[in-house]
Amino acid sequence: MKKTFLKLFISLALSLLFFFVLLIAVNGNLYSYLAGLLGYEVMDNRILVLVLALIPTALLFTNIYQLLNNRIHRFFIRAEIILYILALFAIVMLKARGYSAINLDITGLYFQIIEFPEQVVLNLLLFIPAGALLFKFVRSPLKALVIALVSIIVIETAQLVFSLGVFDVVDIFVNMLGLSLGFMTVNISYDAGFSVAAIDSKYLKIKKARLPKDAAPVENLTKRLRNKLAFTGVTYFVLCLGIAIGFAFYDYQPYVPQGEATYTYSDKTLNALPTATISTDYLKKTIEDMNKVSIDNAMSSSDWVQVSENGFLSSSGRVSNYDNWHTETGKQYYGLTLSIEEQISGISVTHEVPLIVDEYTTIICDGLTFKLSDFGTVVANSHYFRLQAVFSLQDGWFKAEKLTFKRTNEQELQYGYFNFSELTKTTLETKKQKSAILMDIRSDGLCTIDAIADSFYEDYLSGDVCFTAVINDVFGNALIRHTFVVFFEEKYSQKLLDTLSADDNHVRFSCTLKDGRLCFVDTV
């Protein structure tokens, strides 16, 4: 009775320790990792997360208790293997649906260990059981390593081809390490005399073979163990040597973990954040006098921003980019760019508003309220959401009052982005022209535009090279921007691209409207 109680106590204690460690990881760096697999609706349901965490905890408790009793149920083992294979497939192949990329830089392991240690450990642990299962079919360590390497490369290639993730040499290394640990642990245990034997038709047990009394078999056994341990050591030495060579050619820069990054901008807005009382009448008049964009005699409207009777502005759009910092006083802020698209004579013009988010901003995502400390999780996945923003005009900046993120299937668009460290400086340099026409593009002639040429890329539909043109503007006394895409219709030179993309890239150029798109003609 006492032995049974002790076994139950040990099993429960270890399982509860695992449960609390798992909860800490799930609510930490593993949150976004699991949200990509299960969805934010699941991860934000605290009760459901607890239930899901209890499932592996219960399995671990049962495993430990059965091992302590050395009486393992065959059905339980088979069910666990099936669940493991399904979970492994889901985690490896479904966590990054719709995304594909290639990473051949092994030095990424350094950053992953520092920034996302939970994910590295998870990837390692996930493949240890696979290595143990591989021993059932292959006994040679060399063959096992070759099979494991080929299998992992096939998985990584499938992720790339079917847009299910990243072909990542870091994942290959970590997964190979997990497989090897699992295989060699079982292999060496087998050579040491441990094996699985049947008790009856339902139960199995782990038994240890009795060593023969003569010295020769014992000496042979010790020799086999030494050889396999040496083989394992040499294998990992070669892998570590490869990583060391990779780091030798790496341009090392001191790394600051994302969660501890602190930016102390000298800019007065981002440090002092001066406030102002703006009347509703002034806001309405500002909207009426808003600078316009004219394309083929069609004029941009002021409807992309509305003003309420209590003096708040509101708009709906997507998040282009974001930044975060701590001021010299220690307060944390986020800056995000709200992009609102408008169609003018068939041309997409995007109005961009830089919003400052502080501890008093109400943040709602899929009906759940978030604190500023948790906001990074939401904004890091902002491409999944459409944003309804309520904000106020302050002294040179826009303060986000309420941000409501709602999930959307809209395709992500190409936008420019604000450099928040230069926000006030750019605002002071931008001249306000009352009721001005920022650009007037006609189909019957050329138009000269003062803009910033940014974000050169190849249009995936036409294959033509284009760039995002940015026009800085002022709303009240705060900066906004208008962006649109300009195509190179004629052959362009590298010298022209260098001119347009220079550091001081405010340029004056001419363009024309042709076949429903804006086409670059020449610099002025």
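All heavy atoms count here, side chains included; hydrogens, waters and symmetry mates do not. The chain is numbered in sequence order, starting from 1.
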Notebook entry, point to check: Between atom CH2 of Trp304 and atom OG1 of Thr350, what is the distance when rounded to the nearest 0.5 Å?
Noted result: 11.0 Å
Margin query: Quick one, Leu338 and Leu387 - any side-chain contact, counting heavy atoms below 4.5 Å?
Written below: yes
Give the table of side-chain donor-acceptor pairs shorter than 3.5 Å for residues 142-157, with sequence neighbours excluded, one pair per line with atom names and distance.
from   : atom 1 : to     : atom 2 : distance (Å)
Ser151 : OG     : Ile147 : O      : 2.7
Glu156 : OE1    : Asp168 : N      : 3.1
Thr157 : OG1    : Ile153 : O      : 2.7

Note to self: Over 60° means perpendicular and under 30° means parallel, so tell me whether Phe405 and Phe375 are parallel, tilted or perpendicular.
What the structure shows: tilted
Check: Heavy-atom distance under 4.5 Å between the side chains of Ile340 and Val305, does that happen here?
Finding: no
Check: What are the two closest non-hydrogen atoms of Thr57 and Ser15, and how far apart are they?
Finding: CG2-O, 3.4 Å
Note to self: Within this structure, what is the CD1-OH distance for the pair Ile72 and Tyr203, rounded to the nearest 0.5 Å?
What the structure shows: 11.5 Å
Checklist line | Side-chain heavy atoms of Val379 within contact of Phe385, under 4.5 Å | finding: no
Notebook entry, point to check: Got a sec: does the CD1 of Ile47 have more than 12 other heavy atoms crowding it under 6.0 Å?
Noted result: no
Notebook entry, point to check: Measuring from Met184:CE to Ile128:CD1, what's the distance to the nearest 0.5 Å?
Noted result: 13.5 Å
Check: Under 4.5 Å between any side-chain heavy atoms of Leu67 and Ile206, yes or no?
Finding: yes
Item checked: Shortest non-hydrogen contact from Phe398 toward Val353 -> CD1-CG1, 3.7 Å
Notebook entry, point to check: Rounded to the nearest 0.5 Å, how far does CZ of Phe183 lie from NZ of Lys136?
Noted result: 14.0 Å
Next item on the list: Check Ser314 against Gln388 and note the closest heavy-atom contact, atom names and distance.
Entry: CB-NE2, 4.0 Å
Notebook entry, point to check: Looking only at heavy atoms, what is the nearest atom pair of Trp397 and Ala478, with distance?
Noted result: N-CB, 3.8 Å
Checklist line | For the student: nearest non-hydrogen atoms of Asn69 and Lys7, plus distance | finding: OD1-NZ, 3.2 Å
Item checked: Check: Phe76 and Leu59 side chains under 4.5 Å, non-hydrogen atoms -> yes
Check: Do Arg139 and Tyr190 have side chains that get closer than 4.5 Å, going by heavy atoms?
Finding: yes
Note to self: For residues 70-83, which residue pairs pass the side-chain hydrogen bond (donor to acceptor under 3.5 Å, both in side chains) check, not counting sequence neighbours?
What the structure shows: Asn63-Glu80
Item checked: N/O donor-acceptor pair under 3.5 Å between Tyr334 side chain and Leu355 backbone -> no
Margin query: Holding to ring pair (Phe, Tyr, Trp, His ring centres under 6.0 Å), I want the full list of residues that pass it with Tyr65, two or more places apart in sequence or in another chain.
Written below: none
Next item on the list: Write down the atom of Asn175, the atom of Asn123, and the distance for their closest heavy-atom approach.
Entry: OD1-O, 3.6 Å
Notebook entry, point to check: Which distance, rounded to the nearest 0.5 Å, do you find between the CG of Asn187 and the OG of Ser180?
Noted result: 11.5 Å
Check: In a check of side chain to side chain contact (heavy atoms under 4.5 Å, CB included) between Phe391 and each of Leu403, Thr361, Leu313, which one passes?
Finding: Leu313
Note to self: Using 0.5 Å steps for rounding, measure from the CG atom of Leu393 to the NZ atom of Lys399.
What the structure shows: 13.0 Å
Margin query: Before you tell me yes or no, could you show the steps for Asp358 and Ile356 under side-chain contact (heavy atoms from CB on, under 4.5 Å), namely the whole-Å CA-CA distance, both residues' side-chain angles and the distance that decides it to 0.1 Å?
Written below: CA-CA 7 Å; Asp358 64 8; Ile356 306 298; 5.6 Å; no
Note to self: Under 3.5 Å, is there a donor on one side chain and an acceptor on the other for Ser392 and Gln394?
What the structure shows: yes
Check: Could you go step by step and tell me if Leu336 and Val357 meet the side-chain contact (heavy atoms from CB on, under 4.5 Å) rule?
Finding: CA-CA 8 Å; Leu336 58 85; Val357 185; 3.9 Å; yes
Margin query: With side-chain contact (heavy atoms from CB on, under 4.5 Å) as the criterion, how do Leu60 and Phe19 come out once you've worked through the C-alpha distance, each side chain's angles and the decisive distance to 0.1 Å?
Written below: CA-CA 10 Å; Leu60 180 63; Phe19 176 74; over 6 Å; no
Notebook entry, point to check: Under the side-chain contact (heavy atoms from CB on, under 4.5 Å) criterion, do Phe127 and Val92 qualify, and how do the steps go?
Noted result: CA-CA 11 Å; Phe127 282 84; Val92 171; 4.0 Å; yes
